[in-house]
K.L.:
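Structure in C-alpha cells, see below.
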Amino acid sequence: MSTVVTRFAPSPTGYLHVGGARTALFNWLLARHTGGKFLLRIEDTDLARSTEDAVDQLLEDLRWLGLQWDNSELVYQSKRLDLYNRIIGDLLAKGLAYEAWETNEELDALRKQAEKAKRAFIYRKRTYTEDELKKFRDENRPSVVRFIMPVKDYRFHDVVLGKEIVQPAPECQDFVIRKTDGMPTYHFGVVVDDAEMGITHVLRGLEHLKNTFNHIALQEALGYARPIYAHLSVMLNPETGEKLSKRDRDRRIRKRVHEWMKSAKKTITDLATACGIAPDRLTDWITTDTRQLDLAEQPLVMKIVGLTEADLPEIMIHDFRKNGYFPEVLNNFLALQGWSPGGDLEQMSMAKMVELFSLDRINASNPKFNREKLQSFNTEHAASAGPDRLLSGMRDYLAANPDSPLNIATDEQLLKILDMKKGLRTFRQVDESSSFLLMPDDKITYAPDAVEKVLKKNDAQGLCALRDLRPLLANVTDWTSANIEHAITAYIEQTKLGLGKVAQPIRVAVSGGTISPPIFDSLQFMGKDATLARIDRCIAKVGTPEM
RNA sequence: GCCCCCAUCGUCUAGUGGCCCAGGACAGCCGGUUCUCAGCCGGCGAACAGGGGUUCGACUCCCCUUGGGGGUACCA
C-alpha cells in the first residue's frame, strides 16, 4: 500500500485564480482524505511571465484558504536546470531526442499550410543536409530540443472521465522539451518533477487532457511510473460561457465605460482627465480588446464610471478575501463545482469534506460559476458562526481592506457592530453599511437622492421631523437604545407619523445614506453627543432658509 | 480547419435499468414579518436537448444529430 502523493503546480504569473484554487483544493482533499501528502511546486519556466511577487501572492492565497502543503522546501523548476539538462543530454545521446532549427515564422507557415489543406499539423523529425546544418551554426541560429515521440497508439485511463482516452498513432509528433532560452518546456518539467517527487495522482484541468499523451511517451522513455490521471472540468464564466479568466474583470470595466460614455455623453478624453491616466493609454485600452488595465489603473477608472469592487466578478482568490467571504465557505463552494458528496448534503466544514471526498464522485461537465449561491452560503455560515469566528473573519477582511474606517475599531466595537448586522451576507456589506459609525463627522457625505427623497420631499417633512426630534433626543438622560426608542415612539404617537417617516431622516442625518444597522442601536453606539452633532450638521448643511 | 471532452430545472447538482409523472440548494415569482439594507416565515412555478436502437422496462446502456466547452505554442 503506497501512500497517495498529490501536488499543485501553478506558474507564478499573479494572484491565484479560482480555477487554480479548485484544482489545489481537490488535490489537497484527496491527500488529506487518504492520509497522503500534498506537495507544492512552482512552475516558473516561462521567464517572461514569472515573478517572485506572484509566488508570494500565491502562497498567501493558499494559506488563506487553509490548503497547507507538506513540503517544507518549495520546489522551483527554475532551480533545477542541471537535472533537466542532464536528462536531456542522455536523451540526446541515446538518439531519443534531437536538435531542431525551425524559426517560429517557418513553423507558423507550416501550420497555416496544414490548415488550408484541412488537416492537422504534425511535426516529425526532419533530416537537415550538411549545408543546412553548417548554415544554421554559422548564423548562430538557436535550436530547440525535440523529443522523438514513438509513433504508436497511446492510451490511459482517466478517473474523472471514467474511461480510456486514446490518441491514435498518426497524431504523434515530436514536441519541444527544451526551448531556445535553455529552459525546459512544461511537458518536460512536469514529467521529470512528478516522477522525482513521487506523485501518485495528477488532478489537473481538462485543458491538459491531450498533453497527457506527451507525458506518457516521455515517462516511457525515461522509465518512470505512470501516475493516476484525473482531469477536472473547467469552470465557466456565467456571462460569457467561456473559461473563467482574469480578463473577465477588465471586460466588465470596459463594458461599464462604454455605458458611461453613452449615458453621460462623455468621451475617452473626459475620462482620462477625470482619472488622471494618459489619454493615449486609455484610448489604446478601449479600442484594443486584448489590452488590459493594470491593477493600479483599475480603481481610478472604476471610481469615475461608478463601479465598486463588489460590482466586478471575483476571479482571483484575493478578490473573495477583499469582498469579505469566509475561506471555508469559498472552499465548500468550490468543492461543489464538480464534486458532490451525494444526496442532499451541500454545506460542509473542511473536515467533513476531507472525510467524504472521493475521486469517483467528481463530475466531468463544466460548471458555470454562480456567485449568488456562494453569497447565500456565506450568509448562512455567518448566521451560524460564533462571535469569535465572526470577529476573526471581520479582522481578516479589514486586513485586506486597509482603507476601511472600521480598522480603528476595538474588538468590542466590532463585536457590537457584527451583532447589529445579524443576517450579514459578506463582511464588505457590514463595512459599507456600518463604517459611518466610526467615521469622523466631516467625512460623512450626504447622498443626494437620499436627501431628496427622505429629507426634502413633501415640504421637507423629514427635515422638520429632524428639527422636532433634536430637543427630544437631547432630553434623553440615559442614552440607551431602549430609552432612545421611547423618546422617538412618543414623538410618533403624538404626530401620528409612521416609524419609517422618522427613522429614515435620522438615518440620513447620521450616516449620510439610507442603509444602516437598526437605528436605535446605531444611535446608542455613536453616543449622544455624536448623534446630536450629526443631526445639527445635517440640518445646517441641508436645511433651507425658507424653512 | 483538425483533434478531444461534455450534455437532468435559469444555475450548481442528486439520481449508477424498475424506488422518479425525477429530489435538494441558489436564483425567480406570490404572500407575511420588519425603522433601511439584509434576514426570517409560508407558498408556487421550473429540467431528463432531439432522433434512433438494446431491454419486459430507460434519466440511467449503445449509435447518430444538435448544442456547449477545451486543445491545436519554444504558455502553462
Side-chain angles (χ1 to χ4, degrees), chain A residues 9-11 13 43-46 48-50 100 102-104 107-108 111-112 114-122 142-146 158 160-161 163 165-168 171 175-187 189-190 204-211 231 233-234 236 238 241-243 333 336-347 360 363-377 379-380 382-383 421-425 429-430 432-433 450 454 485 488 492 498-504 506-508 511 513-520 522:
Chain A
S11 54
T13 57
E43 305 217 323
D44 54 350
T45 54
D46 184 349
R49 295 200 306 153
S50 304
E102 286 79 18
T103 62
N104 281 324
L107 291 171
D108 282 348
R111 284 190 192 100
K112 282 222 178 80
E115 189 174 333
K116 235 182 209 158
K118 300 198 176 197
R119 52 181 176 76
F121 170 67
I122 300 291
S143 68
V144 298
V145 175
R146 280 178 187 268
D158 187 282
V160 170
L161 268 19
K163 64 180 199 181
I165 310 295
V166 184
Q167 175 175 279
E171 284 172 36
F175 55 93
V176 175
I177 56 175
R178 185 167 65 197
K179 306 185 258 187
T180 48
D181 65 4
M183 298 298 277
T185 58
Y186 158 75
H187 301 298
V190 226
R204 55 168 30 159
L206 196 67
E207 54 268 33
H208 292 296
L209 190 68
K210 308 256 285 213
N211 292 334
H231 288 91
S233 55
V234 291
L236 271 24
E242 288 164 5
K243 193 158 89 164
F333 183 76
L336 260 21
Q337 302 293 294
W339 173 78
S340 157
D344 293 341
L345 182 61
E346 285 197 324
Q347 298 195 36
D360 53 20
N363 260 59
S365 51
N366 300 337
K368 294 197 177 104
F369 187 89
N370 159 267
R371 301 202 299 165
E372 274 130 18
K373 187 156 176 169
L374 169 66
Q375 271 198 5
S376 164
F377 275 27
T379 309
E380 288 194 41
K421 284 302 292 180
K422 280 198 180 117
L424 68 98
R425 294 180 77 73
Q429 197 193 48
V430 175
E432 285 172 354
S433 63
V454 177
E485 185 170 358
I488 292 176
I492 289 169
L499 180 51
K501 290 265 190 295
V502 177
Q504 279 304 74
I506 302 178
R507 184 168 269 122
V508 174
S511 75
T514 53
I515 299 172
S516 87
I519 195 65
F520 309 124
S522 298

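All values below were derived from every heavy atom in this structure, side-chain atoms included, with hydrogens, water molecules and symmetry-related copies excluded. Bear in mind that the values here come from a model prediction, so they are computed numbers and not experimental data.
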K.L.:
Counting only side-chain nitrogens and oxygens, does A/K163 get under 4.0 Å of the OP1 or OP2 atom of B/C5?
P.N.:
yes
K.L.:
For A/Q347 and B/A14, give me the distance from atom CD to atom P, rounded to whole Å.
P.N.:
17 Å
K.L.:
Are A/Y186 and A/F175 close enough that their ring centres sit under 6.0 Å apart?
P.N.:
no
K.L.:
Let me know the distance between CZ of A/F175 and C1' of B/A76, rounded to the nearest Å.
P.N.:
15 Å
K.L.:
Taking B/U33 as the reference, what is the distance to B/A38 when you measure between their C1' atoms (whole Å, please)?
P.N.:
14 Å
K.L.:
Would you indicate whether the side-chain heavy atoms of A/V144 and A/T185 approach each other to under 4.5 Å?
P.N.:
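No. Closest side-chain heavy atoms not under 4.5 Å.
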K.L.:
CD1 of A/I177 versus P of B/A76: gap in Å, rounded?
P.N.:
14 Å
K.L.:
Remember a base hit wins even if backbone is also touched, and classify A/K112 as base, sugar-phosphate or nothing at under 4.0 Å, heavy atoms.
P.N.:
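Nothing, no nucleic acid heavy atom in range.
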K.L.:
Whole angstroms only, please: what is the CD-P distance between A/E372 and B/C12?
P.N.:
12 Å
K.L.:
I want to check something: taking the side chain as every heavy atom from C-beta on, are A/H187 and A/I177 in contact at a cut-off of under 4.5 Å?
P.N.:
no
K.L.:
Could a donor-acceptor pair under 3.5 angstrom be found where the side chain of A/K373 meets the base of B/A27?
P.N.:
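No.
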K.L.:
With respect to the phosphate group of B/A7, does any side-chain polar atom (N or O) of A/N363 fall under 4.0 Å of OP1 or OP2?
P.N.:
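Answer is no, no contact under 4.0 Å.
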K.L.:
Between P on B/A25 and CZ on A/F377, what's the gap in Å once rounded to a whole number?
P.N.:
11 Å
K.L.:
B/A22 pairs with which nucleotide, Watson-Crick or G-U wobble, both distances below 3.5 Å?
P.N.:
none
K.L.:
How is A/T45 classified with respect to the nucleic acid when contacts are heavy atoms under 4.0 Å: base, sugar-phosphate, or nothing?
P.N.:
sugar-phosphate
K.L.:
I'd like the P distance from B/G43 over to B/G51, given in whole Å.
P.N.:
36 Å
K.L.:
Distance check, P atoms only: B/C6 and B/G18, in whole angstrom units.
P.N.:
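Rounded to whole Å, the distance is 23 Å.
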K.L.:
Would you tabulate the nitrogen or oxygen pairs shorter than 3.5 Å linking the protein to nucleotides 68-74 of chain B?
P.N.:
residue: B/G69; atom: O2'; partner: A/N366; partner atom: ND2; Å: 2.8
residue: B/G70; atom: OP1; partner: A/K243; partner atom: N; Å: 3.1
residue: B/G71; atom: OP1; partner: A/K243; partner atom: NZ; Å: 3.2
residue: B/A73; atom: OP2; partner: A/R111; partner atom: NE; Å: 2.7
residue: B/C74; atom: OP1; partner: A/R111; partner atom: NH2; Å: 3.4
residue: B/C74; atom: O2; partner: A/T180; partner atom: N; Å: 2.8
residue: B/C74; atom: O2; partner: A/T180; partner atom: OG1; Å: 2.7
residue: B/C74; atom: N4; partner: A/E102; partner atom: O; Å: 3.0

K.L.:
Mind checking A/E43 for me? I need base, sugar-phosphate or nothing, with any heavy atom below 4.0 Å counting as a touch.
P.N.:
sugar-phosphate
K.L.:
Calculate, to the nearest 0.5 Å, the distance between atoms CG and CG belonging to A/L206 and A/D158 respectively.
P.N.:
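Rounded to the nearest 0.5 Å, the CG-CG separation comes to 8.0 Å.
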K.L.:
What's A/L161 touching, base or sugar-phosphate or nothing? Going by heavy atoms closer than 4.0 Å.
P.N.:
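Counting heavy atoms under 4.0 Å across all strands, the contact made by A/L161 is with sugar-phosphate only.
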K.L.:
Would you indicate whether A/K179, at its atom NZ, is surrounded by more than 12 heavy atoms from other residues, nucleotides or ligands within a distance under 6.0 Å?
P.N.:
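Counting other residues, nucleotides and ligands, NZ of A/K179 exceeds 12 neighbours.
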K.L.:
Could you measure between the two C1' atoms, the one in B/C64 and the one in B/U72, and give it in whole Å?
P.N.:
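Nearest-Å result for B/C64 against B/U72 at atom C1': 26 Å.
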K.L.:
For nucleotides B/G28 and B/G50, find the distance between their C1' atoms and express it as a whole number of Å.
P.N.:
28 Å
K.L.:
Reading RNA chain B from 5' onward, which residue's closest nucleotide shows up sooner: A/L209 or A/S11?
P.N.:
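So the residue in question is A/L209.
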K.L.:
State whether the side chain of A/Q429 and the backbone N or O of A/R425 hold a donor-acceptor pair below 3.5 Å, judged by distance alone.
P.N.:
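Present.
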K.L.:
Considering every strand shown, what is the Watson-Crick or G-U wobble mate of B/A7 when both distances are under 3.5 Å?
P.N.:
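The base-pairing partner of B/A7, which may sit in any strand shown, is B/U66.
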K.L.:
Under 4.0 Å, counting only non-hydrogen atoms across every strand here, what does A/Q167 touch: a base, just sugar-phosphate, or nothing?
P.N.:
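The residue A/Q167 makes no contact with any strand.
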K.L.:
Could you check which nucleotide pairs with B/C61 in any of the strands shown, counting Watson-Crick or G-U wobble with both distances under 3.5 Å?
P.N.:
B/G53
K.L.:
Determine the interatomic distance between C1' on B/A76 and the same-named atom on B/U66; round to the nearest Å.
P.N.:
33 Å
K.L.:
Would you mind classifying the nucleic acid contact of A/G189 as base, sugar-phosphate or nothing, using non-hydrogen atoms under 4.0 angstrom?
P.N.:
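Since no nucleic acid heavy atom lies under 4.0 Å of A/G189, the category is nothing.
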K.L.:
Between protein and nucleotides 45-49 of chain B, what N or O pairs are separated by less than 3.5 Å?
P.N.:
none

K.L.:
Does the side chain of A/T13 pick up a donor-acceptor pair with the side chain of A/R49 at under 3.5 Å?
P.N.:
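Side chains of A/T13 and A/R49: no pair found under 3.5 Å.
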K.L.:
What is the separation between atom CD1 on A/I122 and atom C1' on B/C2, rounded to the nearest whole Å?
P.N.:
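Distance check: A/I122 CD1 to B/C2 C1' gives 9 Å.
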K.L.:
Is the closest side-chain heavy-atom distance between A/I488 and A/I506 below 4.5 Å?
P.N.:
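Heavy-atom side-chain distance check passes, below 4.5 Å.
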K.L.:
Name the pairing partner of B/U72, where a pair is Watson-Crick or G-U wobble with both distances under 3.5 Å, or state none.
P.N.:
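Base partner found: B/G1.
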K.L.:
B/C61 and B/U16: how far apart are their C1' atoms, nearest whole angstrom?
P.N.:
11 Å
K.L.:
Counting Watson-Crick and G-U wobble pairs only, both distances under 3.5 Å, name the nucleotide matched with B/C40, or none.
P.N.:
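Check on B/C40: paired to B/G32, both distances under 3.5 Å.
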K.L.:
Any protein N or O atoms within reach of nucleotides 34-40 of chain B? Criterion: under 3.5 Å, listing atom names and distances.
P.N.:
residue: B/C35; atom: O2; partner: A/R507; partner atom: NH1; Å: 3.3
residue: B/C35; atom: O2; partner: A/R507; partner atom: NH2; Å: 2.8
residue: B/C35; atom: N3; partner: A/I519; partner atom: N; Å: 3.3
residue: B/U36; atom: O4'; partner: A/Q504; partner atom: OE1; Å: 3.3
residue: B/U36; atom: O4'; partner: A/R507; partner atom: NH1; Å: 3.4
residue: B/U36; atom: O2'; partner: A/T514; partner atom: O; Å: 2.7
residue: B/U36; atom: N1; partner: A/R507; partner atom: NH1; Å: 3.4
residue: B/U36; atom: O2; partner: A/S516; partner atom: N; Å: 2.9
residue: B/U36; atom: O2; partner: A/S516; partner atom: O; Å: 3.1
residue: B/U36; atom: N3; partner: A/R507; partner atom: NH2; Å: 3.2
residue: B/U36; atom: N3; partner: A/S516; partner atom: O; Å: 2.6
residue: B/U36; atom: O4; partner: A/P518; partner atom: N; Å: 3.4
residue: B/C37; atom: O2; partner: A/K421; partner atom: NZ; Å: 2.8
residue: B/A38; atom: O2'; partner: A/G423; partner atom: O; Å: 2.6
residue: B/G39; atom: OP1; partner: A/R425; partner atom: NH1; Å: 2.4

K.L.:
Rounded off to whole Å, could you give me the CD-to-C1' distance for the A/Q337 and B/U11 pair?
P.N.:
9 Å
K.L.:
Can A/L209 and A/L161 be said to form a side-chain contact (heavy atoms from CB on, under 4.5 Å), step by step?
P.N.:
CA-CA 10 Å; A/L209 190 68; A/L161 268 19; 3.8 Å; yes
K.L.:
Could you tell me how far apart A/N370 (CG) and B/C9 (C1') are, to the nearest whole angstrom?
P.N.:
13 Å
K.L.:
Any carboxylate oxygen within less than 4.0 angstrom of a Lys/Arg side-chain nitrogen, looking at A/E346 and A/K373?
P.N.:
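Between A/K373 and A/E346 there is a salt bridge, with a charged N closer than 4.0 Å to a carboxylate O.
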